[in-house]
Colleague: 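I'd like to ask you about the structure that follows.
Just so it is clear: chains get the letters A, B, ... in the order the sequence lines come, proteins before strands, and each one is counted from 1.
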Number of protein chains: 2
Amino acid sequence: MYSYDHPHPAVTADIVVFTIRDNQLKLLLIRRAYSPHKGKWALPGGFVNMNESLDEAASRELLEETGVSGVYLEQLYTFGKPKRDPRERVITVAYYALIPSDKMQLQAATDADAVGWFGMDELPKLAFDHEDIVKMAHQRLVAKLDYSTVAFQFLPESFTLHELQNIYEIIFQEETDKRNFRKWILGLGQIEETGEKSTGGAHRPAKLFKKKFPGRVTIIK
Amino acid sequence: MYSYDHPHPAVTADIVVFTIRDNQLKLLLIRRAYSPHKGKWALPGGFVNMNESLDEAASRELLEETGVSGVYLEQLYTFGKPKRDPRERVITVAYYALIPSDKMQLQAATDADAVGWFGMDELPKLAFDHEDIVKMAHQRLVAKLDYSTVAFQFLPESFTLHELQNIYEIIFQEETDKRNFRKWILGLGQIEETGEKSTGGAHRPAKLFKKKFPGRVTIIK
DNA sequence: TTGTATTAGTGTATACAGTACACTAACATA
DNA sequence: TATGTTAGTGTACTGTATACACTAATACAA
């Protein structure tokens with residue numbers, strides 16, 4: 001039992017987990033096992049412990065609920081309307097995470113029934129105000145493509161220029177000229193050839209590239 | 001006495017209040033009357049009440065501690081390292097506010113001794129981690145000048161182009177070409193002539209302008 | 001082995017936005 | 001009426017963004 005002389009809200013860290021799969025921007029959701037909103041889909045997340053920072057809480061929850069660690073994670077916004085949660089006053093510090101396509105299989109580490117990936121245009125009805133959180137995360141992601149290298153966080157270690165262009169086209173929902181894209185992306189000076197070539201397709205093999213600064217998200221222009 | 005079956009942090013809303021005065025970007029600080037950090041300067045702010053949203057808490061605190069209302073206020077970031085406050089776990093949802101020069105006299109509404117405006121390059125040592133908060137607010141402000149019309153929030157109802165240019169130069173800390181600035185700012189289509197002219201100077205009077213969408217901050221480019 | 005389907009890879013011309021730059025206009029005051 | 005001070009204006013140049021079409025290299029099937 002913990003007592004205070006003035007009322008305190010509960011604080012959670014919830015995470016909007018994005019990945020790209022099947023040529024779609026997808027979102028990880030968890031089906032709630034308990035009331036309120038039992039059976040509805042919701043963002044992964046949970047209470048912030050007293051001895052951990054907000055960032056730590058977010059990455060711990062991400063690991064616990066999805067099995068993923070070491071990915072890009074950024075604080076998004078804090079949501080705190082009084083009646084968000086019917087039980088008590090809950091303030092949610094929302095984060096968003098970007099999972100590269102090759103880390104995706106880790107998703108199997110969790111109970112498959114309660115976890116699902118949903119395309120942005122086929123989202124189910126969400127618990128609490130999680131729809132607002134998702135909307136804001138999506139806006140932030142789209143905005144950041146314009147002035148940073150966040151998109152690279154969806155990439156595996158080595159990749160073709162076509163794969164990278166695909167990521168931009170999927171998120172922006174519009175096609176880009178191939179030559180202009182290449183000129184631009186190479187001009188950023190953030191990627192370099194590995195020397196290897198892609199293999200397998202019934203077509204000319206593509207040069208493989210890698211990030212010059214893997215963990216880092218750079219502000220461009 | 002308020003009891004919970006797991007520990008809850010306290011949540012505050014603190015505000016970084018900017019204005020432009022004496023050709024400087026200035027910050028409002030409050031001298032702490034009580035321990036901890038008694039006597040040190042700190043950001044205005046306080047606990048979020050259980051029946052108000054975070055935005056409401058921020059604008060209430062702003063009003064209570066500075067007498068200012070109806071100004072631009074935007075959530076900045078949430079700070080929650082475990083030992084930020086020596087008393088208990090405190091999570092601070094930080095906001096920043098922009099005060100137009102003509103609303104400045106309202107500052108006199110508060111206890112003058114405990115309140116002060118400080119230029120960004122003459123800040124005193126701050127309580128808690130408020131220096132981090134200020135730094136981030138300043139970065140956000142500078143960044144937003146590039147892609148929005150936030151700077152207009154420093155303007156009074158009518159203003160000259162020179163005054164507007166000054167705001168940009170002060171925040172960016174660099175001079176701009178007059179003709180290029182005018183071409184650019186008029187091209188945004190966000191301001192229009194009032195028909196009036198400035199009066200008083202020993203020089204040619206300047207046309208006065210007003211914002212087309214006063215409350216609104218537009219994303220540009 | 002040859003043909004076909006498929007993706008990889010490349011350059012140039014044009015439009016547009018950003019930048020550099022200097023003089024005249026209108027007022028207040030001495 | 002002369003002087004000091006800020007307001008106001010246009011053009012040439014530079015660099016970035018855009019539009020656009022063909023050849024290269026592989027897998028596979030005939």
Colleague: Which nucleotides of nucleotides 23-30 of chain D have their base under 4.0 Å from a protein heavy atom (B), which only their sugar-phosphate (S), and which neither (-), written as one string 5' to 3'?
Modeller: -BBBS---

Colleague: Identify every side-chain donor-acceptor pair in residues 128-136 of chain B under 3.5 Å, counting partners at least two apart or on other chains, and give the distances.
Modeller:
| residue | atom | partner | partner atom | Å |
| --- | --- | --- | --- | --- |
| Asp129(B) | OD1 | Arg84(B) | NE | 3.3 |
| Asp129(B) | OD1 | Arg84(B) | NH2 | 2.9 |
| Asp129(B) | OD2 | Arg84(B) | NE | 2.6 |
| His130(B) | ND1 | Leu43(B) | N | 3.0 |
| His130(B) | NE2 | Asp14(B) | OD2 | 3.3 |

Colleague: So which pairs with a foot in residues 65-85 of chain A pass ring-ring contact (aromatic ring centres under 6.0 Å, His included), sequence neighbours left out?
Modeller: Tyr77(A)-Phe79(A)

Colleague: To the nearest angstrom, how far is Glu174(B) atom CD from dT19(C) atom C1'?
Modeller: 13 Å

Colleague: To the nearest 10°, give me the bend of the helix from dT1(C)-dA30(D) to dA30(C)-dT1(D), comparing the axes of its five terminal pairs at either end.
Modeller: 0°

Colleague: Quick one: list whatever passes salt bridge (charged side-chain N to carboxylate O under 4.0 Å, His left out) with Glu163(A), sequence neighbours left out.
Modeller: none

Colleague: Identify each atom pair where a protein N or O and an N or O of nucleotides 10-16 of chain C are less than 3.5 Å apart, giving names and distance.
Modeller:
| residue | atom | partner | partner atom | Å |
| --- | --- | --- | --- | --- |
| dT12(C) | O4 | Lys183(A) | NZ | 3.0 |

Colleague: Side chains of residues 180-188 of chain B: which donor-acceptor partners sit under 3.5 Å, not counting sequence neighbours?
Modeller:
| residue | atom | partner | partner atom | Å |
| --- | --- | --- | --- | --- |
| Asn180(B) | ND2 | Asp177(B) | OD2 | 3.4 |

Colleague: Check each residue of residues 151-168 of chain A for a non-hydrogen atom within less than 4.0 Å of any atom in DNA chain D, then write out the ones that pass by number, or none.
Modeller: none

Colleague: Tell me which pairs pass ring-ring contact (aromatic ring centres under 6.0 Å, His included) where either residue lies in residues 189-221 of chain B, with sequence neighbours left out.
Modeller: none

Colleague: Give the table of side-chain donor-acceptor pairs shorter than 3.5 Å for residues 166-175 of chain A, with sequence neighbours excluded, one pair per line with atom names and distance.
Modeller:
| residue | atom | partner | partner atom | Å |
| --- | --- | --- | --- | --- |
| Asn166(A) | ND2 | His162(A) | NE2 | 3.4 |
| Glu169(A) | OE2 | Gln165(A) | NE2 | 3.2 |
| Glu169(A) | OE2 | Thr176(A) | N | 2.9 |

Colleague: Tell me, which pairs form a side chain to side chain donor-acceptor pair (under 3.5 Å) where one or both residues lie in residues 209-221 of chain A, sequence neighbours left out?
Modeller: Gln190(A)-Thr218(A)

Colleague: For Ser158(A) and Thr194(A), what are the C-alpha separation, side-chain angles and deciding distance, and is it a side chain to side chain donor-acceptor pair (under 3.5 Å)?
Modeller: CA-CA 8 Å; Ser158(A) 80; Thr194(A) 63; 5.7 Å; no

Colleague: For His37(A), which residues count as a side-chain hydrogen bond (donor to acceptor under 3.5 Å, both in side chains) partner, sequence neighbours excluded?
Modeller: Lys40(A)

